[in-house]
Amino acid sequence: MMRMSTSRPYHHGDLRAALLRSAERTLREKGTGALSLRELARDLGVSHAAPGRHFKDKQALLDALALDGYERLNQALATATDGAEPSLERRMTALARAYLGFAVENPELLELMFARKHDPDRTAQLAAAVDRSLGTFTRLVAEAQERGEIVQGDPERITTVAAASLHGLAALIAGCALDAAEALAGLEEHVHLLLHGLRPR
């Protein structure tokens, strides 16, 4: 995923998309607290009322940012599994690489995505996008269980264990406790340990 370029004044076209791009840039550079529909309108050179046609308030803007993030993540996960080799370890590594790549490139957005994911007032559209992202991993687990490649049990519970491991890597990188390039380079070994455990074989 490539980071967005610096802001250009908005002149015409899709105001909603321009607002989301500008909002994500502000989120990355200054955090959620700095987001303001009025400020975004000023930055884009439109009237302060113009964003209201697309987002009724800041919360609606945050939901739209989170939804956009999940849609991009889901696209990355789908692309990763489409081109992956059929073995479980290769497919899991491809998913892990797509997730970690997104997390490394978009730490502030991912934090917002997780915050909105757990909000009881999240939109149905956002909830569905969250389900799709977890569903990609859960399907992989369930299919591997059918082939006898993964222990039996609740696929969602097993997915939680795997997702926690990968998100832990992302959190360590975001907290500067782990170098991103080092983590990505060691991802195959990480997935191997995740699938096979720590006991000597």
Side-chain angles (χ1 to χ4, degrees), residues 1-83 95-139 156 159-160 163 166-167 170-171 173-175 180:
M1 307 276 170
M2 296 194 60
R3 289 191 181 272
M4 291 172 206
S5 61
T6 55
S7 176
R8 291 194 307 265
Y10 169 81
H11 294 297
H12 58 79
D14 190 345
L15 177 58
R16 186 179 188 279
L19 287 165
L20 284 174
R21 284 195 303 272
S22 185
E24 187 173 344
R25 189 165 44 249
T26 300
L27 174 70
R28 186 169 56 245
E29 294 171 358
K30 302 176 184 176
T32 309
L35 279 172
S36 154
L37 289 172
R38 184 178 288 269
E39 285 299 309
L40 291 175
R42 186 179 60 78
D43 290 346
L44 293 172
V46 297
S47 75
H48 68 82
R53 293 196 295 270
H54 302 282
F55 308 109
K56 66 177 182 178
D57 54 24
K58 180 177 173 177
Q59 197 59 66
L61 173 67
L62 292 176
D63 278 343
L65 272 175
L67 177 60
D68 185 62
Y70 274 109
E71 287 175 344
R72 282 156 47 194
L73 174 59
N74 288 339
Q75 182 58 52
L77 295 176
T79 300
T81 50
D82 282 348
L95 279 181
R97 194 170 299 285
Y99 177 79
L100 199 59
F102 181 89
V104 165
E105 201 61 32
N106 306 282
E108 302 84 3
L109 178 60
L110 189 65
E111 184 179 345
L112 172 66
M113 289 160 60
F114 271 74
R116 296 305 303 143
K117 164 186 169 181
H118 296 294
D119 194 300
D121 295 328
R122 69 187 183 277
T123 65
Q125 199 176 4
L126 179 57
V130 172
D131 288 345
R132 281 195 301 277
S133 67
L134 285 172
T136 303
F137 283 95
T138 306
R139 278 192 305 277
E156 291 187 4
T159 298
T160 298
L166 295 177
H167 188 65
I173 293 168

> Please name all residues satisfying side chain to side chain donor-acceptor pair (under 3.5 Å) with N74, sequence neighbours left out, ordered by chain then number.
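Testing N74 for side chain to side chain donor-acceptor pair (under 3.5 Å), a comparison that skips the adjacent residues, returns none.
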> Using side chain to side chain donor-acceptor pair (under 3.5 Å) as the criterion, list what pairs up with T26, not counting sequence neighbours.
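T26: no side chain to side chain donor-acceptor pair (under 3.5 Å) contacts found.
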> Are R72 and E24 within salt-bridge range, i.e. N to O under 4.0 Å?
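Counted as a salt bridge, because a side-chain N and a carboxylate O are separated by less than 4.0 Å.
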> Tell me which pairs pass ring-ring contact (aromatic ring centres under 6.0 Å, His included) where either residue lies in residues 105-124, with sequence neighbours left out.
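Residue pairs passing ring-ring contact (aromatic ring centres under 6.0 Å, His included), neighbours aside: F114-H167.
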> Using the side chain to side chain donor-acceptor pair (under 3.5 Å) criterion, which residues pair with D57? Sequence neighbours excluded.
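For D57, no residue satisfies side chain to side chain donor-acceptor pair (under 3.5 Å) once neighbours in sequence are set aside.
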> How close do L67 and Q125 get, counting heavy atoms only, and between which atoms?
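For L67 versus Q125, the nearest heavy atoms are CD2-CD, 3.4 Å.
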> More than 12 foreign heavy atoms under 6.0 Å from CD of E111: is that the case here?
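At most 12 heavy atoms, drawn from other residues, nucleotides or ligands, come within 6.0 Å of this atom.
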> Assess, by modelled atom type and distance only, whether the side chains of T79 and Q75 contain a donor and an acceptor separated by less than 3.5 Å.
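Result is yes, a qualifying pair exists.
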> I'd like a table of donor-acceptor pairs (distance under 3.5 Å, sequence neighbours excluded) in which one partner is a side-chain atom from residues 126-135, with atom names and distances.
| unit_1 | atom_1 | unit_2 | atom_2 | d |
| --- | --- | --- | --- | --- |
| S133 | OG | V130 | O | 2.8 |

> For Y70 versus M113, what's the shortest heavy-atom pair and its separation?
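Heavy atoms of Y70 and M113 come nearest at OH-O, 3.3 Å.
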> Heavy atoms only: give me the nearest K30-A34 pair and the separation to one decimal.
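So the two residues come closest at CB-CB, 3.5 Å.
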> For R139, enumerate each residue passing the side chain to side chain donor-acceptor pair (under 3.5 Å) test, keeping only those at least two apart in sequence or located in another chain.
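Listed in chain order: nothing, the list is empty.
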